[in-house]
Protein chains: 2
Amino acid sequence: MVQQVSCNDCSLSSICLPMAVSSSQLGELEEIMERGRPLKKGEHLYRAGDNFVAVHAVRTGAVKTYALAEDGTEQVTGFYLPGEILGMEGINEECHHSSAKALDGATVCEIPFSRLEDLSQRIPTLQHHILSLMSKELCADRAMHLLLGKKSADDRLAAFLLALSARHQRRGLSASRFRLPMSRYDIANYLGLAVETVSRIFTRFQQQGILEVEGREVVIRDRDALSANGRIQVQSA
Amino acid sequence: MVQQVSCNDCSLSSICLPMAVSSSQLGELEEIMERGRPLKKGEHLYRAGDNFVAVHAVRTGAVKTYALAEDGTEQVTGFYLPGEILGMEGINEECHHSSAKALDGATVCEIPFSRLEDLSQRIPTLQHHILSLMSKELCADRAMHLLLGKKSADDRLAAFLLALSARHQRRGLSASRFRLPMSRYDIANYLGLAVETVSRIFTRFQQQGILEVEGREVVIRDRDALSANGRIQVQSA
DNA sequence: CGTAACCTTGAAGATTCTCAATAAGAGTGG
DNA sequence: CCACTCTTATTGAGAATCTTCAAGGTTACG
């Protein structure tokens, strides 16, 4: 039932793992990964506590990762779009520390980690790419730390939308018009805000002509104004 | 001027990079690293924008990392204690995305990254250890995301102190009595709070008999009460 | 010993949250 | 295909945590 599409035929190959290996070595990578595993909306890719055996590349759809606080409340820790790799937080301890769940439907490629490690041992560019990927996640986490620690609700939502926009563009899609794969609840949760706050800001951004919003469809009409959130914290005196 | 102390003689070897290599391979690791570089209080180890050439292991003292927002305000993103490795967020892009500065005095070992990568290519356990280290940082970042997104000021400070306590214990030091290497300002900044808030909570924790605080000296008197912050968010109905 | 950085405490103010109610949408089953 | 329900989204008003502003006190260090 799993579609055995070659990485070569995948539109994401240029931004996904294959970008790190030469075409002659691609076969080795393809050999270890299981491609095209389909997930229904809400289905788990893995749960916190599961044995860590593989990292995953999103092929279609979107996936969110989340952790549960001691009191059972959920904290969304990330959203993953096509071409992006998730699950690397499990390497240490060999079990997952968060859960991953499909938003809408999704398909993912599964890459057994121990075999990926072996392969990295033989392919320096692959080793470097994996370190690089993790480093990029660290950078994103630091940016998130700043966002949550210092920025207003407006700034957080603006930054979130701009980041999504950039990730769409990376895939060759429109940077100014896209569909949010996640609910307002997930956005709010991710940004450390209440749903109501997020909803109000969407409304206000629309009134200000910064966005056009219709449900989960978003059009960025004034990118500069959106970027201004967060930049002009204090008008230089 | 640089002390050439062998990793073998370093009390941190069991929790630092050497733990990932066999004693026969330790020489190779020691060969590439520069040991014991001393830093004065406030001195930078690297700055955002610097070329990324090496990761650093703290040997003595403490180091903080921080990023600057567009408006120039600082966001402290981490504190690093002896035996801990910092700087890996620079791998991607080959330049540092944050700055690192010594709190009090500190000494650090510098490990040129390209040579560490080469070495990892030949020593599987080292490769795994580095991935593991980064994975651990990712986990910590996710925990931070939860802390900043969902937890009260009390919970944040409590979690911070407990984490510090655990890191002290890991080095064989007292888990209940230690000195904070950073200022209230840095703590507040790191936790996304105002200094005044942190100061007030220290005072209150002391009044409640949870802590004894005298300047930067802290004694944890009631660990359970401290852990309770964050656990008992909602008393189960 | 003086200056500067750091820390504490109080009171007012603000952003964001919670509570509450309504509306819109998606999925389900008769 | 429509009624029903559950989830998702929007909007308003009051409440709360935390921040900002202000001032005094303490510690560190040249």
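Throughout, a chain's letter reflects where its sequence line sits, starting with A, and its residues are numbered from 1.
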Check: With the sugar-phosphate defined as primed atoms, P, OP1 and OP2, and the base as all remaining atoms, what B/S/- string results for nucleotides 10-24 of chain D, 5' to 3', for protein heavy atoms under 4.0 Å?
Finding: BBBB----SBBBB--

Notebook entry, point to check: Rounding to a whole Å, what distance do you find between A:E214:CD and D:dA9:P?
Noted result: 14 Å

Margin query: Please classify the nucleic acid contact of A:R204 as base, sugar-phosphate, or nothing, using heavy-atom distances under 4.0 Å.
Written below: nothing

Notebook entry, point to check: Crowded around A:R204 CZ? As in, over 12 foreign heavy atoms under 6.0 Å?
Noted result: yes

Check: What is the distance, rounded to the nearest whole Å, between atom NZ of B:K40 and atom P of D:dC29?
Finding: 15 Å

Next item on the list: Could you tell me whether B:R142 and A:E137 make a salt bridge, using a distance below 4.0 angstrom between a side-chain N and a carboxylate O?
Entry: yes

Note to self: Testing the 3.5 Å rule here: is there a donor-acceptor pair between the side chains of A:D71 and A:T73?
What the structure shows: yes

Next item on the list: Please report, rounded to the nearest Å, how far the P atom of C:dT16 is from the CG atom of A:L148.
Entry: 13 Å

Notebook entry, point to check: Please give, in whole Å, the distance from C:dT16 C1' to A:I187 CD1?
Noted result: 18 Å

Note to self: Strictly below 4.0 Å, N to O, side chains only: are B:R35 and B:D9 in salt-bridge contact?
What the structure shows: no

Checklist line | Protein-nucleotide distance (A:L191, atom CG; C:dT16, atom P), rounded to Å | finding: 12 Å

Next item on the list: Take atom CG of A:D155 and atom P of C:dT15, then tell me their distance rounded to the nearest Å.
Entry: 12 Å

Checklist line | Nearest-angstrom distance from the residue atom CG of B:L103 to C1' of D:dA28 | finding: 16 Å

Note to self: Contact between B:T65 and B:Y46 at the side-chain level, heavy atoms closer than 4.5 Å - yes or no?
What the structure shows: yes

Margin query: I'd like to check A:F202 versus A:L180 (side-chain heavy atoms, cut-off strictly below 4.5 Å). Are they in contact?
Written below: yes

Item checked: D:dT27 phosphate, OP1 or OP2, under 4.0 Å from B:R216 side-chain N/O -> no

Item checked: Rounded distance in Å - CD (B:Q207) to C1' (C:dT9) -> 11 Å

